[in-house]
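To start, the structure itself, in structure tokens.
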Protein chains: 2
Amino acid sequence: MPVTGRPVSEIVRELPEPPGLPDPLPEPAAEDIRLERVMAALSDPLRLFIVRKLLLDREEFDHPCGWFGLDRPKSSLTHHFRALRDAGVIRQRQYGLERRSHVRVNDLDARFPGLVEMIAAWSPRED
Amino acid sequence: MPVTGRPVSEIVRELPEPPGLPDPLPEPAAEDIRLERVMAALSDPLRLFIVRKLLLDREEFDHPCGWFGLDRPKSSLTHHFRALRDAGVIRQRQYGLERRSHVRVNDLDARFPGLVEMIAAWSPRED
DNA sequence: TGCTAAGTTCGACTCAACTCGTACAAGCCT
DNA sequence: AGGCTTGTACGAGTTGAGTCGAACTTAGCA
């Protein structure tokens, strides 16, 4: 995975919200995020890839599905992005045709201190 | 869950191994522990309970299955303890009839800094 | 010797999750 | 209007995980 080399201290600080965003899609409130569900969401390699790319290769505030370069059917991607959103890991907004996502760094850090930073610092094995 | 109130700084420091222990049961080497598998192991509420109790209510170096007070069939417990051991979360040793477990704090902390501390600090919701 | 206790192994059942094709909806553009 | 793009909804097939009962193994002990 390409990595920009941004320091971890910057990764765990969520970008400020640009003004005039669409409303977020339905998601759990920060206090309703469950560790078991977050763990289950992050136990899938594809979803872990998505979250890591959002953290490490972030270019904008929000990113559409196409930006990830995932070679999977669209219905599979819908499934995985929804799993991440339902668990409270990402927030999604509808921009016209596109549905863009970012990691809920502030909410995750408030509930589970150190989790986002650990994921950002972790390097997946090659084999 | 009862909690002894030990400081987190003590929790993330694994107890020193007493001398004369039996060999550990087969387990992945520290460098082979996979984050996806650890996440999957911790996505089950019962296993999260086991790990938290091992971290927070520890009384000895190793604890047998009976110590946890889990009201499940023995074959179910075998399944869950094995899932934790296969993922590299706990180490198990055979003491006569008993199979005792402890969390591999040092190995987990080396691979995924902050994970154990986050789990120890986290409080499950009541509902 | 034989009982008991701790835990395993095996097989069966259930259920949730992953995968994907197909059909559909909703914007954007010419 | 018509076509293109982004993504959803639904359904089906498959796989894997959790659950448990029943039979077995092993160690300790009376």
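Below, read A as the first sequence line, B as the second, and so on, with proteins coming before strands; counting in each chain starts at 1. In this text, all values refer to a predicted model and were calculated from it rather than measured experimentally.
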Fill in: Pair B/I119-A/F112, side chain to side chain contact (heavy atoms under 4.5 Å, CB included): steps then yes or no
CA-CA 8 Å; B/I119 294 169; A/F112 316 116; over 6 Å; no
Item to complete: Starting from the C-alpha separation in whole Å, work towards a yes-or-no answer on side chain to side chain contact (heavy atoms under 4.5 Å, CB included) for A/V103 and A/L84.
Response: CA-CA 9 Å; A/V103 178; A/L84 287 170; over 6 Å; no
Worksheet entry | Intermediate values then yes/no, salt bridge (charged side-chain N to carboxylate O under 4.0 Å, His left out), A/R104 and A/D109 | CA-CA 8 Å; A/R104 296 173 63 179; A/D109 229 45; over 6 Å; no
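In this structure, the side chain of B/R100 does not engage the main chain of B/Y95 through any donor-acceptor pair within 3.5 Å. B/R93 places a side-chain N or O within donor-acceptor distance of the main-chain N or O of B/P22, the cut-off being under 3.5 Å.
Taking every nucleotide of DNA chain D with any atom under 4.0 Å from a non-hydrogen atom of chain A, the first and last of them, 5' to 3', are D/dT5 to D/dA9. In summary, contact between chain A and DNA chain C, defined as any nucleotide atom under 4.0 Å from a heavy atom of the protein, begins and ends at C/dC18 to C/dC28 in the 5' to 3' direction.
A donor and an acceptor atom, one from each side chain of B/E60 and B/W67, are nowhere located under 3.5 Å apart. Using modelled atom types, one finds a donor on one side chain and an acceptor on the other under 3.5 Å when comparing B/S101 with B/Q92.
When each of B/H102, B/H63, B/K53 is paired with B/R58, the side-chain contact (heavy atoms from CB on, under 4.5 Å) condition holds for B/H63 and for no other.
Within residues 88-101 of chain A, the residues approaching DNA chain C are A/G96, A/L97, by heavy-atom distance under 4.0 Å.
Residue B/T78 is the one, among A/P73 and B/T78, whose nearest nucleotide of DNA chain C lies closer to the 5' end (criterion: closest heavy atom). When each of A/L46 and B/F81 is assigned the nucleotide of DNA chain C with its nearest heavy atom, B/F81 is the one assigned upstream, toward the 5' end.
Looking at B/E31 and B/R111, no side-chain N of the basic residue comes within less than 4.0 Å of a carboxylate O on the acidic one, giving no salt bridge.
More than 12 heavy atoms of other residues, nucleotides or ligands lie within 6.0 Å of CD in A/Q94, so this atom counts as buried by the packing criterion.
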